[in-house]
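Reading through the structure tokens given below for one structure.
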Amino acid sequence: MNKKKIKVFSAIQPSGSLTIGNYISVLRHWKKMQKKYQCIFCIADLHSLTSLHKEDNFLRKKSILDTLAIYLACGVNPKKSIIFVQSSVHEHSSLNWILNCHTYYNELIRMTQFKNKIFHVTEKINTGLFNYPTLMAADILLYQTDKVHVGRDQKQHIELTRNIATRFNSRYGKIFKIPELLIYNLGSKIMSLMDPRKKMSKSDLNKKNVIFLLENSKEILKKIKCSITDSDVPPKISFDSIYKPGISNLLEILSALVGKSIHELEQHFIKKSYSDLKKEVYHSVDMHISKIQKKFFIYRKDKDFLKKIFLQGTNKASKIAKKNLKKVYKSLGLF
Ligand code: TRP
């Protein structure tokens with residue numbers, strides 16, 4: 001098959017600001033992916049409603065525009081790829097409902113992300129959180145996606161999507177393409193700085209855990225300096241995610257950003273201290289982030305330009321979505 005014909009779908013939630021974890025696991029690959037694939041990049045604003053705080057609504061438009069400007073700053077090109085906001089293509093919600101009716105309660109209740117969320121969330125659990133993976137399935141299946149690009153934490157959701165699609169096809173004929181998982185292993189799950197057994201998350205209440213892409217250099221330095229390592233004597237800079245999760249996380253960040261293998265870095269850091277490691281991590285993070293920020297602020301100033309990109313993206317995405325939803329409706333005997 002012509003490589004360009006291979007469709008890749010990816011999305012990020014616009015809740016809060018994006019992090020170095022989003023960048024390393026997903027965003028940094030998008031620029032190159034556009035050369036190889038027909039890419040569809042979505043801003044998953046409907047997903048962001050699952051963690052609804054009233055005050056977020058005032059910030060939502062801003063977060064969406066910030067996210068688009070970050071996509072562009074990371075090299076996403078609207079001439080090559082489709083970029084759009086999920087809520088502006090209504091077919092996502094329609095297909096979501098249909099897929100809900102083909103997904104089992106037992107499947108959703110097994111989702112690790114849901115189980116973790118309900119364990120940590122203190123407020124009431126909304127059913128959007130429960131149905132979150134079927135909305136993801138709708139996002140993906142609506143475009144007859146060949147490959148879904150995600151971080152490692154989303155792997156289970158993609159497996160579920162494949163199961164739902166296979167089930168649907170076995171009932172009604174070949175309606176959906178069964179999407180494959182696309183994960184770039186190195187850096188596909190960046191952990192919290194102070195609690196490296198937990199994923200770095202933009203919604204973390206402890207901001208010391210997270211490096212934001214729009215954060216200033218001084219703040220980043222402070223956070224990296226404070227990050228948890230271990231008390232091995234003598235200090236040992238080697239990768240071992242069970243016994244040395246903090247050091248392993250820093251090595252993984254550095255490896256992804258400088259393009260050297262973990263093994264090379266371990267050799268390089270023999271007899272060096274944890275603060276040497278942190279210094280190099282800081283420099284590489286700062287270099288990437290300042291490059292992104294420079295471009296970000298230029299794009300972010302031009303709201304009309306950003307809105308035009310959305311409009312074009314919505315038009316292109318809608319065309320594909322409408323056609324595929326029609327096929328689904330027909331298979332179900334809907335008008
Ligand atoms: N849930 C994904 C995340 O938090 C974002 C997302 C929404 C997504 N819909 C998607 C990713 C569809 C891939 C495909 O990272």
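Numbers for residues simply follow the sequence, beginning at 1. Each ligand, and each atom within it, is numbered from 1 in the order the structure gives.
Between L72 and P78, the closest heavy-atom pair is CD2-CD, 3.9 Å.
Shown here are the ring pair (Phe, Tyr, Trp, His ring centres under 6.0 Å) partners of Y143, two or more places apart in sequence or in another chain: F9, F84, H92. The side-chain hydrogen bond (donor to acceptor under 3.5 Å, both in side chains) search around Q86 returns H47, D139, not counting sequence neighbours.
Listed for the S261 side chain is a donor-acceptor partner under 3.5 Å among the backbone atoms of E264.
Within 6.0 Å of NE2 in H268 there are more than 12 heavy atoms belonging to other residues, nucleotides or ligands. Dense packing is recorded around NZ of K117, with more than 12 heavy atoms of other residues, nucleotides or ligands lying under 6.0 Å away.
For the residues H47, Q13, Q154, H92, the heavy atom positioned nearest atom 15 (O) of ligand 1 is part of Q154. Closest heavy-atom approach to atom 9 (N) of ligand 1 among the candidates L135, I40, N22, D139: D139.
Annotation for ligand 1: atoms under 4.0 Å from non-hydrogen atoms of A44 are 7 (C). Taking a cut-off of under 4.0 Å to the non-hydrogen atoms of V150, the atoms of ligand 1 that pass are 11 (C), 13 (C). Of all atoms in ligand 1, numbered sequentially from 1 with element shown, those under 4.0 Å from a heavy atom of F9 are 12 (C), 14 (C). Close approach to V148 involves these atoms of ligand 1, each under 4.0 Å from a residue heavy atom: 13 (C), 14 (C).
Inclusion of Y132 in the set of residues having an N or O under 3.5 Å from an N or O of ligand 1 is warranted.
Scanning the protein heavy atoms around atom 8 (C) of ligand 1, the nearest turns out to be A11 CB, 3.6 Å.
Ring centroid separation for the pair Y184 and H149 comes in under the 6.0 Å cut-off.
In V26, neither the side chain nor the backbone holds a heavy atom less than 4.0 Å from any atom of ligand 1.
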